[in-house]
Amino acid sequence: MTTELVHPDRLQKLAALREAGVDPFPARGVENEPIATLIASGGTQAAPGARIGTQACIAGRLLALRDFGKLMFAPVLDLTGKLQVGFQKARLESWWERRKWLDGGDLVGVRGELGHTQKGELTLWASEVVLLAKSLAPPPEKWHGLSDVEQRYRRRYVDLWASEGVRAVFVLRSRMVSLVRRFLEARGFLEVETPTLHPIAGGATARPFVTHHNALDADFYLRIAPELYLKRLIVGGLERVFEVSRNFRNEGISTRHNPEFTMLELYQAQADFRHMMAHTEELLEHLARELLGRTQLEFRGKPYDLKAPFPRRRYDELFRAANGCELHERAAVARRAQELGITLPPRPGASAEAHHWALATEVFDHTVEPLLEGPMFVTHFPTPISPLAKCDPADARFTERFELFLGGMELANAFSELNDPEEQQRRFAEQVASKDPEAPGEVDLDYVQALEYGMPPTGGLGIGLDRLAMVLANQDSIRDVLLFPTLRPLGKD
RNA sequence: GGGCGCAUAGCUCAGCCGGUAGAGCAACUGGCUUUUAACCAGUAGGUCCCAGGUUCGAUCCCUGGUGCGCUCACCA
C-alpha cells in the first residue's frame, strides 16, 4: 500500500497507536503559537523574559529524540524556528510509555510550561503531547540533512526542514516578490495577468515550447515573454501595468537557466528608459535594505553594493575598449570573431547585415559580459539587436535601451518602447528575414495593429526575479532559488 | 549536444593489487532526570544504479545504458 520509503518499525508503531485508541492522523490541529514569538519572549536564564513560567502550545516536526529514561529532549521545528521540548516522566506519568511510539520526523503538538534547562537553553516543559501526524518515512541523516543535490530537488518537501538554511532562502524569495508588488503598487502600477498560451512566440528571442489545443485544433506556444501583451494594455490606456510572469524557454539548463523562470515586467506610459533605470536602482536598493538590512552583499564569493546610482557605460564604448575595434566595422568585427574562435550556426538566406550583428553580439557576450561585475547599466544597445526598442534620437544606430549586469549575469533589460507601427513592422520583418532559429517565424500583425491605434511614449522594464533572488540570497545556482527546478522525469522501471 | 566527475545500508560516506562488503547517524533491545552531533552495551539492516563483456571469480577492469552534478556551447 505504501512505498519503499516506509520503515516497517514505524508501521508497527502505527498499529500500536491505533490499538491504543490514538488516531495517528487526527482531523484537527492544535491552537499553537509560532516558535519565534516564544523565543522572542523567553529571554535568557540570567534574564528571563515575560513568558518564562507561563503555559504555551507549539506545533511542529520532531527533529530528534534524546531519551534519558525518565527525561527526554527533542527539538521541534515550525516555520518560524526551532525550540527544544523537554519531556519529564514526573509531568507525563500516564503518557510516558507512549514516547516509544514517537519517531524523528513525527508532527506533534506540545503544551507545557516555558522554562530553561540547567545549561540555559529555552525549553518547553511538556505537560501534554498530541500526535498530529505520524511520519512513516524516516528522516535523512540528522546533521548532514540531504546533501545529494538530486534528492534535495526531487524531495524538496524533505529538504525544506531537514537541511539548514533552505527554508530561509525561500522565505526571502517570497518576501522579495511581495516587496516588489508593494513597491510598484505604491507607484500606481496595476498588476495584471496576460495569456500564457500564445499563438506567436514573441517579445524575446528564444525557442518556445509548443502545445496543442484540441477543441480549437490549434498549436500554441508557451509564452517566452509577456511583453507584447502588456504593451497592448498600454494602448488600452492602463498606463502603468506589471506582471509577475512565468516564462518558458525550450533551451539549455544551467546554474543560471531553468526552462521555466519568473520575470517581472512593467510598462509605464509617459516614461522612457531613463525612468526605468531609476526604477531599477530604487527597487534593488529598496529590496536589499528591506531583506538584508544593508545594501552591501556577497554573491558567488565577491562583494557588491546595491546602493544607487549604478554606473552607466555605453555598449559601443565597452565593445571598443574590450576589442580594439568599432562595433560597426564589419571586417574588423569578423576578424576579431575569428581570433576568438567564434562561429555562428549556418543561416541560409540571412543578409550580410544580419550576420554582422549576430557576430558582433557574440563578440560582445564573450569579451565584455563576463567581466561586468557590476552592478552596471550597459546602455544604448545597437538597433539591429533591439527590435522592440526606440532609436536614440541623436543616433539611430543605437537604441534607448539598457541591461543591468551583476556578477557577469544579466539581471534586467529595459527600453523606451518602439511605438511607431510602420517601423515596428519593418523591424519584425527584418527579424523574420534574419533566419535566426530563435526569432519569431512570422510578424505579429495583431501587435502592429495595436500600435496603429496609438501607444503613448512608454518605458518598459524586465527583471529576472529568479536571478535577483540568487543575488539577494547569495545562492550560486538558480535551482537553489526554485522550489521545484526542472529535472528529468524518473524512469518507470 | 560536447568534455569531466559521481552512483555502495533509510541518510552521510569508506572499501587498498579483482577473492560476494564496512563505519557513523537513523531503526530495534536494554541502561541512564539536564541533553542538544547526548552517552554506554547489544541486535538487525545490502539487487554495491542497470545490461552485457573479460575472468576460475567483478562493488572493483572493459563496453553500452540510465540518473545527477560541474563545465563548455546556447540563452535571461
Side-chain angles (χ1 to χ4, degrees), chain A residues 3-13 45 63-75 82-91 96 100 103-105 115-123 125 135-155 158 162-163 203-207 224-225 247-263 265 341-345 361-362 365-366 369 403-405 409-413 436-438 462-468 470 476-479 485 487-493:
Chain A
T3 73
E4 69 281 357
L5 286 178
V6 169
H7 197 286
D9 294 323
R10 293 183 180 232
L11 287 177
Q12 282 176 17
K13 291 177 184 178
Q45 194 166 32
L63 293 182
L65 296 167
R66 293 187 285 274
D67 190 348
F68 288 79
K70 296 193 181 71
L71 171 74
M72 185 167 73
F73 292 107
K82 197 192 291 186
L83 181 68
Q84 173 166 274
V85 173
F87 306 80
Q88 290 170 304
K89 189 181 178 189
R91 291 183 188 230
W96 196 245
K100 298 284 182 193
D103 286 301
H116 289 100
T117 61
Q118 287 175 4
K119 293 251 171 81
E121 175 155 352
L122 187 67
T123 299
W125 294 105
S135 171
L136 298 178
E141 213 261 4
K142 69 180 169 194
W143 66 81
H144 291 102
L146 278 183
S147 66
D148 181 324
V149 183
E150 180 187 358
Q151 288 305 315
R152 288 190 44 221
Y153 298 150
R154 288 200 189 279
R155 294 223 281 269
V158 176
S163 307
T205 52
R207 271 192 284 269
I224 57 174
N247 299 337
F248 305 84
R249 298 189 183 177
N250 204 342
E251 292 171 347
I253 294 177
S254 78
T255 50
R256 271 155 256 187
H257 302 86
N258 195 67
E260 50 181 306
F261 65 103
T262 306
M263 275 194 43
E265 283 204 9
I342 292 168
T343 53
L344 292 177
T361 306
E362 283 291 308
D365 290 352
H366 277 82
E369 268 191 22
E403 288 190 357
L404 174 68
F405 285 87
M409 199 164 69
E410 181 190 334
L411 272 191
N413 180 17
D436 183 341
E438 295 188 347
I463 297 179
L465 292 183
D466 313 279
R467 288 180 173 184
L468 188 54
M470 287 169 68
D476 289 356
S477 171
I478 196 169
R479 294 175 174 199
L487 300 175
R488 189 181 300 274
L490 289 173
K492 288 189 176 168
D493 53 357

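Just so it is clear, the values below take in all heavy atoms, side chains as well, and ignore hydrogens, waters and symmetry mates. Here is the naming used below: chain letters follow the sequence lines, and residue numbers restart at 1 for every chain.
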Stepwise side-chain contact (heavy atoms from CB on, under 4.5 Å) test for A/Asn258 and A/Asp466: CA-CA 9 Å; A/Asn258 195 67; A/Asp466 313 279; over 6 Å; no

CZ-CE distance between A/Arg66 and A/Met72, expressed to the nearest 0.5 angstrom: 10.5 Å

Stepwise side-chain contact (heavy atoms from CB on, under 4.5 Å) check, A/Gln45 with A/Gln118: CA-CA 9 Å; A/Gln45 194 166 32; A/Gln118 287 175 4; 5.7 Å; no

Span that lies between the C1' atom of B/C39 and that of B/C32, in whole angstrom: 9 Å

Atom-to-atom span, CG of A/Leu122 to P of B/U34 - whole angstrom: 19 Å

B/G53 versus B/A58 - spacing of their C1' atoms, nearest Å: 11 Å

Between B/A37 and B/A76 - P atom distance, rounded Å: 47 Å

Separation of atom CD in A/Gln118 from atom P in B/U36, rounded to whole Å: 13 Å

Residues forming a ring pair (Phe, Tyr, Trp, His ring centres under 6.0 Å) with A/Phe87, sequence neighbours excluded: A/Trp95

Sugar-phosphate, base or nothing in reach of A/Asn258, heavy atoms under 4.0 Å: base

Nearest listed nucleotide, side chain of A/Phe261, among B/A76, B/C68, B/C70: B/A76

Reported CD-to-CG distance for the pair A/Gln84 and A/Leu122, which is rounded to 0.5 angstrom: 9.0 Å

Chi-angle category of B/C17 [syn within 90° of 0, anti beyond]: syn

Base-pairing mate for B/A51 - Watson-Crick or G-U, with both contacts under 3.5 Å: B/U63

Gap between atoms NZ and P, on A/Lys70 and B/C32 respectively (whole Å): 5 Å

B/G67 OP1/OP2 closer than 4.0 Å to side-chain N/O of A/Arg154: no

Under 3.5 Å on both distances, the Watson-Crick or G-U partner of B/C13: B/G22

Whole-Å P distance, B/U20 and B/C60: 13 Å

With the criterion being N/O to N/O and under 3.5 Å, what pairs connect the protein with nucleotides 3-7 of chain B, and how long is each?
none

Separation of the P atoms in B/A44 and B/G22, to the nearest angstrom: 13 Å

Any residue meeting ring pair (Phe, Tyr, Trp, His ring centres under 6.0 Å) with A/Phe73, in chain and number order, not counting sequence neighbours: A/Trp125

Among B/U33, B/C32, B/C70, the one nearest A/Asp67 by side-chain distance: B/C32

Residues which pass salt bridge (Lys or Arg N to Asp or Glu O under 4.0 Å) with A/Arg91, listed by chain and number, not counting sequence neighbours: A/Glu113

Syn/anti state of B/U20 by chi, 90° boundary around 0: syn

B/C62 to B/C68 separation - P atoms, rounded to the nearest Å: 24 Å

Listed partners of A/Glu369 passing salt bridge (Lys or Arg N to Asp or Glu O under 4.0 Å), at least two apart: none

Protein-nucleotides 72-74 of chain B N/O pairs under 3.5 Å:
residue, atom, partner, partner atom, Å
B/C74, OP1, A/Glu362, OE1, 2.5
B/C74, O2', A/Glu438, OE2, 3.4

Rounded P spacing from B/C70 to B/C25 in Å: 31 Å

Nearest-nucleotide pick for A/Thr255, side chain only, options being B/U34, B/U71, B/U36: B/U71

Sequence-distant partners of A/Ala162, side-chain contact (heavy atoms from CB on, under 4.5 Å), two or more places apart: A/Pro140, A/Val158

Set of residues satisfying side-chain contact (heavy atoms from CB on, under 4.5 Å) with respect to A/Met263, sequence neighbours excluded: A/Asn247, A/Phe261, A/Glu265

Atom-pair distance (CZ on A/Phe68; P on B/C40), nearest Å: 12 Å

Rounded interatomic separation in angstrom, taking CZ from A/Arg66 and P from B/C40: 15 Å

Could you go through residues 248-255 of chain A and list every donor-acceptor pair under 3.5 Å that involves a side-chain atom there, pairing it with any protein atom two or more places apart or in another chain?
residue, atom, partner, partner atom, Å
A/Arg249, NE, A/Ile224, O, 3.1
A/Arg249, NH2, A/Ile224, O, 2.7
A/Glu251, OE2, A/Arg207, N, 3.0
A/Ser254, OG, A/Arg256, N, 3.0
A/Ser254, OG, A/His257, N, 3.3
A/Ser254, OG, A/His257, ND1, 2.7

Side chains of A/Lys100 and A/Lys13 in contact at under 4.5 Å (non-hydrogen atoms): no

Position toward the 5' end of RNA chain B (nearest nucleotide), A/Thr117 or A/Arg155: A/Arg155

Length of the OH-P vector between A/Tyr153 and B/C68, whole Å: 12 Å

Centroid distance under 5.5 Å and plane angle under 30°, A/Phe73 vs B/A38: no

Dump the pairs, protein N or O against N or O of nucleotides 24-28 of chain B, anything under 3.5 Å, distances to one decimal.
residue, atom, partner, partner atom, Å
B/G24, N2, A/Glu141, OE2, 3.3
B/C25, O3', A/Lys142, NZ, 3.1
B/A26, OP1, A/Lys142, NZ, 2.6
B/A27, O2', A/Asp9, OD2, 2.1
B/C28, OP1, A/Lys13, NZ, 2.2

G-U wobble or Watson-Crick pairing nucleotide for B/C4 (cut-off 3.5 Å, both distances): B/G69

For A/Glu403, all residues meeting side-chain hydrogen bond (donor to acceptor under 3.5 Å, both in side chains), sequence neighbours excluded: A/Arg401

Span that lies between the C1' atom of B/G31 and that of B/A38, in whole angstrom: 14 Å

Strand partner of B/U29, provided both Watson-Crick or wobble distances fall under 3.5 Å: B/A41

Rounded distance (Å) that lies between atom P of B/U34 and atom CG of A/Leu71: 6 Å

Partners passing side-chain hydrogen bond (donor to acceptor under 3.5 Å, both in side chains) against A/Asp9 (at least two apart in sequence or in another chain): A/His7

Side-chain donor/acceptor of A/Gln88 to base of B/U34, under 3.5 Å: yes

Rounded distance in Å - CZ (A/Phe405) to C1' (B/A76): 10 Å

